[in-house]
Structure formats: structure tokens, C-alpha cells
Amino acid sequence: MERYNIKNIEKKWQDYWSKKKTNAVEVDKDKKKFYCLEMFPYPSGKIHMGHVRNYTIGDVLARYKKLKGFNVLHPMGWDSFGLPAENAARENNLHPKEWTKKNIETMKKQLKSLGLSIDWDREISTCDPEYYKHQQEFFLELYEKNLVYKKDTYVNWDPAEQTVLANEQVINGRGWRSGVMVERKKLSQWFFNIKKFSQNLLDELEKLKNWPEKVKLMQKNWIGKSYGCEINFKIFEENKFDKIKVFTTRPDTIFGASFIALSVDHPIAKNFERNKNFLAFKSECSKMGTTEEALANAEKIGFNTDLFAIHPLDKKIKLPIYIANFVLMDYGTGAIFGCPAHDQRDLDFAYKYKLKVLPVVRPKNIEVDKFTIKNEAFTEDGILFNSNFLDNLTVNQAIQKIINVITEKKLGNQKITFRLKDWGVSRQRYWGCPIPIVYNNKGDAIPIKKKDLPVLLPEDVDLNVKGNPLEKHTTWKYTTLSSGEKVIRETDTLDTFVDSSWYFVRFCSPKNEKYGYKLSDIKYWMPVDQYIGGVEHAILHLLYSRFFMRALAFNNKQFNYIEPFKSLFTQGMVCHETYKNEKNQWLYPNEVEKNSDGNLVTKKDKKRVVLGSPEAMSKSRKNIVDPEEMINIYGADSIRWFMLSDSPPERDVQWSLEGVSAAHKFIQKLWKLNSEILNKNKENSPFKSEDIELKKAVNKTIYNVTKNLDNFQYNVVVANIHEIYNLFYDHVINNKTSNNTLKNEWEKVTMLLMPLAPHLACECYEKINKKFYWPKYDPKLLDEENCIIVVQVDGRKRGTLEMPKNSKEAKIIEKSKEIDNVIKHIESSSIIKNIYIKNKLVNFITKK
RNA sequence: GCCCUCGUGGUGAAAUCGGUAGACACAAAGGACUUAAAAUCCUUGCCCAUUAGGGAGUGCCAGUUCGAGUCUGGCCGAGGGCACCA
């Protein structure tokens, strides 16, 4: 028998696919399209198991849809701008461009070795000027549409490195490289106006029927719509300051207000910039750290302005005005009224500064005189009191009434607020897409003319300077417009999330030079029919992509593809056991082995190894396995098979050598059985009941595999294949079936293998030499003539009965009562009721 | 703190509409083959029983139902998201 030589065979088919361009596609209006996309990788060096899983899942779908006759677009590219390239450049003295190029070459080769059905002619790379020049053009278009603007915001500033840090570069409030305390520094930066689409982004979420509910909920919470009202408070020292507008979702608690709090960045706070105490307070606030967690746990502190606001509904009440660290300028109006009895933060603040705590809502079942506020604010529903005309109303009734009153008296208005913030896209980095803006000597921003694009990223930079290398690159930074005007370039580059917000559009016309896309191409291919990736991108990447489509479609009569991803699938992570040595240091899996007692020891010096819980594979825990090494040992089909076999795709899977070796054995078994069946002679022997049994089983398998592929239940597909293999094996070993039936039916099984193990399937199918197809099942054959009826007594199974389908109820009851074990359980009691479910079950209810 | 999801053998998991729980695998134990090992194949799988069979059983406690892994309420546990959002 021929041995299945993995290396040669897998190489052979990969070369064949590549040479014949079997995966290259073009627009074909006569065919139904299917756009299958997996999130494109960052070229960090080598592929990891997470990639293997992601791309295997996508490839199964792409190949399956192709067999079903769809025109399948299945492209791949590189998210190739980003910080790691700059860090690697410094460490290895290699230019980011070279480092990136090298990594792409390696990873492309690795992806090809997985046997993915990618149309490599459509490969794109976001750091390629051919890609980012279109992005710069889009930026200018958004600028024209007023969807881009500049404003001052805070960044993490590392004073030692003289550079801006990303949030993940701040560890315990210190710069990751310098170890120096990070400061909050104000910089003028570019923003995309994503808030403009808040309501639409929220509304359209509901229409995304094939998105996981979890992801939709996360986006919904992120957008964070809340209903409330704005109320104007006049300031007692009226001549000095304007009124204060506050936002609240609990206007019903207005009579419990005891202070006003403003954000440090509130316009009124600016008037205290010369006050030493205020400056001290402000610097205290900026030292508190920039991470959200640090902010949330920080103590509530305030600065007393000695100003007072007048209660809008009772002029006798004067409320002290504080500037407080817990009020955010970029939510609501940057000002609140504090009602300590019904808000925990306000209560903490009130106790610290000895402010009044007046409860105005009591729980329904507690009387007014028995209700007091101690250390916990009462935030639930209840009945209003101490509240003038709101007394005795419920919270919701009171909210309605107070909004009406405030509106009538022109003291404020109903207001809907979103938590979603505008998208800051400026990055003070080298390795990113240059922002196509220059500044004249007055500091005005001037957009570059479209005909002058692209603004190329200079290659001769010194990455070892402190701060942003572009800012130090004087010959690039200072330039002259075609008009002769001397200008300074914007030295910020775009957030890499911008690159990935439209790459799926570019895949439709990857070589179109004139513009980012060709209209006829996207009209055919968009939207992405199935998008597959990790749940870690549930919010930002997906929301930004949804925004970008809206921004492109805004004021654009031709482009109306609002939702980019019709269906979304989020796959689980790849986990592995963790190992530590006696010194509590992590060990790689290939440093560990089992000794003869079955205990884990180090390979090197046979020292004890402590086994830890399985965790998501990560370099820091060293619980990683190199896909390339695994493919070399077991072959791509085995790796793919294992990735699909154990857990459902949406759940985490645990990598194990036992698992992958089992997959490998099964691939070999399939090949062996295939050879045996193909080597059998053709013969026309009579059709026996075993032939029918096999035919029916294959038919059922086609039905199940098709159904389970449609539902992403790939682990069950694997089980279906195992089952049908086991049946074939039994038939072959025991010579149960005629050779013709074996051959005919096996052919269909090899087609079912194609999406999962394409190399093996092609090799098996090669000798049959017919066109690939997706086998159809015969619904008539699914119907069994007989069915097995479960016989229960008092809800407990006491036997089964095989009967022709649709037998008469009376007949089944009669036969059921003849089963020995049933007789045993009914003879000492009387039957008071029969339950009969057609073709399924009989249940006798007895009474002693 | 708020919101969401999930709890099924030693392990990963199956289980249309409420209708035979544990398909399919991994691991383990026993056996066959073998000089031996590997590989391969077979059997077993919680409790009682020699077998036939019976019992318990899908995190825990209740409920609905002839019948609950599946539906309802409460509790416990694990994971994830958000986090001064007024």
C-alpha cells in the first residue's frame, strides 16, 4: 500500500493551488457571491496558534461555500503599521519597514503551509503607500464633511522619554521603559466625529441578526445612551459668571440637591487659574494617574470656589459650588448637582466636606420617619417626599413631572446623552499613516491637495531620538507647498485602528489606483457575509469600522453600504497547560516530559515540574506551541483537524499533544481506508440490506455535516465524520457491502472532507478524477421505515420497541404491554393513563 | 459596584419542538496480537447485583409537567465586559 507522505502531498497540493490560482476570483454577476473574511494579522514575526484557529475556521467556511457553488472572496492582508515595529527597530537596529517586510514573508509562507484557500493576488499591506494614500484621501474627505476636527486632550506623558505613551505602556502609573511617573499632558489632537452617529450606530445594531448578542450588548453599553435632563442654575454672584448647565438622569432628586460640582476643565474653573490653592488642587488631580481604574478608586476631592448657585425651584436655597475630581468634562455638561442621599459618589463627597444629606426618595415599604441614610445612598425606585409638588410620586412619575415643569419654566430641557466619545486618531509615532495636513505660520491647519497625495512617510529617520522621530526630522517637517508657501507638516500619524477600519473595502478592488475602491466591485462584494475573529475586537475595531462606513457614505449618493459585516463570529482562544520549575519560573511545553512514573519533569535535568491550570497561550507564560513545528511533524490537515475537533469554535480549545496526535492518526486511518476501497475491483454484486444501510448512513451524514457546517458546529462535523468512518471500517473489514456501493458512497465522504482536510481530500479524490461537488442528501432516504419507540412506566424507561413508522397507537400500546420488563412494572398496579407521542414514546401512568 | 454569559463522567464535549442523558473523541484500567516494546484492535466506565435487571444522576434548593440538561423562581460557583458616565 502507498504510504501517505504528508510533506510531499501537502506541498504538492499547495503548489497546485498556487500555480493554478484556484482561489483567485473575479466579479461574476451570474454567480452568487460570498465574502468570507477573517481579521487580518499584525505581522509580529511568526504565526501563533490563535491565527491557526482563526484562519482554519474561516477556511472551512470558504471552502464549503465554494463547493456549494458560491463565488467566494477569501482574501488576506497585513495590519502592518504599529508600535512593535518601532520597538523592534530599536532593539535589532533594523528599519521598521525591513522588519515588517521580513515578518510578512515568513508569515505568508506559514499561512500557505496551512493550506488556506486565500486569493493571494488580493494581498494588501496597510504600511504600503499604495494602501495608505487612499486612506489619506478618505481623511481629507472626512475633513471636508466636517467629520474630523482638532481639540486639546490629555495624553500619558513620559517626562524622561519626552514621549506620549499608549495606555498599555503605562504600568502602575509609570512609563514601561523609563519607570518614571507618568504625567497628564494636554496636546492638540485630531478627532473623528463618531458621536455624530451615536443614535444610528445604536439603532442599526438591532438589525444585525447574525451578530453574537454578547457583542451587540457590549457595543450598546459602550455607546451608552441615557435619558435625562439639563437644568440651568443661576449663580448668586450673577454679574461675575454665567449660569451653570448641569446634566442629570435623576431630575426627580432636585429637592435633595446640596451642592454643585464642576469638572476641573469646566470653563468656570478657568477663572481660578491664578488661585494658588486651586492650582495645587489641579496638580493633585493630574497626579492621580490616567488609568480608568486609578481614577475610579481615587478618593473624591474638591475645591471650594466660595461661589453659590441658586436652586432653580426654590430661590431661598443656595448651593455651594465645588470643583471636583470625579466630574468629567467630556460627559454631559461637565457639571452636576450633587444629591448625596441618592448617589454614592455625592454621598462620599458630602461626608468629606460636611454638606447636607437630605433624603427625598424612600423605599415603598418604609415610612418617612423610619427612613435614614447612613453610609449607603438609596438609588432604587421608591416614593418621593421632602419634595414639594413631587411628593408621593414614584421615581418615574416624578421624573416626568419635573421635566415638564422645568421645560415650562424654561429652566432647562429634556436631554439624551451618549457615553460614546469621539475617536482620537492622533498618535505621536513614526510607524503610521501620515496625516495629510500642514500648518502655515499662523498655525492654521491646511489640508494637502488630493493631487499631492500621498504624503510619504520618510524612511531616513533616527529612531533613537527621544520623542516622535518625525518631529525631529527637519527636512521632512519643514516643507513648501506648490504655491511656494512655507509650511510645517503635521507630525502625528493615524491610529492603526484607522487602517483596519476599511481594509475589507480595499480587498474588493485591491489594485484600483484611482481611489480606495471601485464602485462596481464593492457593489458586488460588500458587505462581508461572514466576518471571523477574536472577541477582543468586539468594541473598538468593529465600532470604528461601522463608523467608517457611515463616514464614507455621509453625503455620498453612490456609496450606501452602511453595515460592513452582515454576520460576525467570534472564535475562542487556544489554551495550553502551564508549567513551572522548582524556582517558580515558567517552562515551555517542549522543556517538559513525563518520566516513567507518569510525573512531569524537565527534559534537561529531570527536575520536578509543577503543573498549572490551562491558560490562553501567551509568551509571558511560555505555554506556547509553535505552529510551524507542529505542521512539520503532523502536517497541516492534522493541525486543522485538531483545531476543529475538540471544542465548539466559539469556545476556548485546549491544545494537547495527545489531541493533535489523535487527529494525525485519524488522518492516516482515512487515507488507509481510502486506499483499500479504491483498490477494490468493480463488480456488480446484488444490492443487499447492508448496502442500503450504508447508503442511508452516508445520506444521513451528508445531511448532518451540511447542517452542522451551516451552524458553525464544526466539532460535531468531526464527530459525524468519525461515525461514518467507523461504519465504513466495519463494512470493509467484515466484507458487508458490495464494492460498487463502497466506492460510490465513499466518494461522497471524501468530498465532505474537503473543507476540513483539503490536502487529504484532494489526494483521495484525485484518482476518482471527477469535478468537485458538494454531495446532496436525499430527503426521502432520511425517513426510516421503522422507528424505535421508548416505552416508559411512570416516566421511567422500561424498554424499547421497533415498529414500522406511523403505526396505529392501539397497536403500539398493545405491543408495549407485551414487553417482559414492562409487564413486571405494571402488573401490580392499574394503568390510569396512556401518553403517546407519535413515532417516539409511550408512557403508562399507573396507580397502586 | 453594575451588566452579561456559562455550570453535563477523570477530560474536551453531544443531545431538533420538553420525550432513551453522555453521541464522537482524549485519558485510564483490563485483554488480544507480539520474544518484548511500539503500533493496532476489543472490552470496561457511578452505586447494588454473578447475570437479567435495578438505583442515583446534567452546580444546589424549590416549582410547572405524565415526563425537565432543556421551562420558571431563588441560591452557590466560574468566566467575561464596563467602571467616578451624574
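Protein chains get the first letters and strands the later ones, always in sequence-line order, with residue 1 at the start of each.
Side-chain N/O atoms of A:Gln344 and A:Asp348 include a donor and acceptor closer than 3.5 Å.
As judged by a 4.0 angstrom heavy-atom cut-off over every strand, A:Asn834 is placed among residues making no nucleic acid contact. Within the 4.0 angstrom heavy-atom criterion, only backbone atoms of the sugar-phosphate kind lie near A:Glu723; the bases stay farther away. Nucleic acid contact for A:Lys669: sugar-phosphate only, since backbone atoms but no base atoms lie under 4.0 Å from a heavy atom of the residue. The residue A:Asn843 sits close to a base: some heavy atom pair falls under 4.0 Å. Across all strands shown, A:Asp346 has no heavy atoms under 4.0 Å from either base or sugar-phosphate atoms. Using a 4.0 Å heavy-atom distance criterion, A:Gln713 is classed as a sugar-phosphate-only contact. Counting any heavy atom pair closer than 4.0 Å across all strands shown, A:Lys840 reaches sugar-phosphate atoms only and no base atom. Counting non-hydrogen atoms under 4.0 angstrom, A:His825 reaches the backbone sugars and phosphates but no base.
Base pairing of B:rU70 is not made with any nucleotide, judged by Watson-Crick or G-U wobble geometry with both donor-acceptor distances under 3.5 Å. Of all nucleotides present, only B:rC42 satisfies the Watson-Crick or G-U wobble test against B:rG30, with each distance under 3.5 Å. Across every strand in view, B:rG57 sits unpaired, with no contact that passes the Watson-Crick or G-U test at under 3.5 angstrom. Base pairing analysis places B:rU50 opposite nothing; no Watson-Crick or G-U wobble pair with both distances below 3.5 Å involves it. Pair assignment for B:rU5 gives B:rA78, based on Watson-Crick or G-U wobble hydrogen-bonding distances that are each under 3.5 Å.
Atom P of B:rU35 sits at a distance of 34 Å from the matching atom of B:rC24, rounded to the whole Å. Taking atom C1' on both nucleotides, B:rU65 is separated from B:rG59 by 23 Å, rounded to a whole Å.
Each of A:His722 and A:Tyr729 was assigned the nucleotide of RNA chain B with the nearest heavy atom; the assignment lying further toward the 5' end belongs to A:His722. Both A:Gly795 and A:Pro648 sit near RNA chain B, but only A:Pro648 has its closest nucleotide nearer the 5' end.
Because its glycosidic torsion is within 90° of 0, B:rC17 is reported here as syn.
Put simply, CG on A:Asn720 and CG on A:Asn704 are 5.0 Å apart, with the number rounded to the nearest 0.5 Å.
Closest approach of A:Val625 and A:Pro589 over heavy atoms only: CG2-CG, 4.3 Å. The two residues A:Tyr634 and A:Val660 have their closest heavy-atom pair at CE1-CG1, 3.7 Å.
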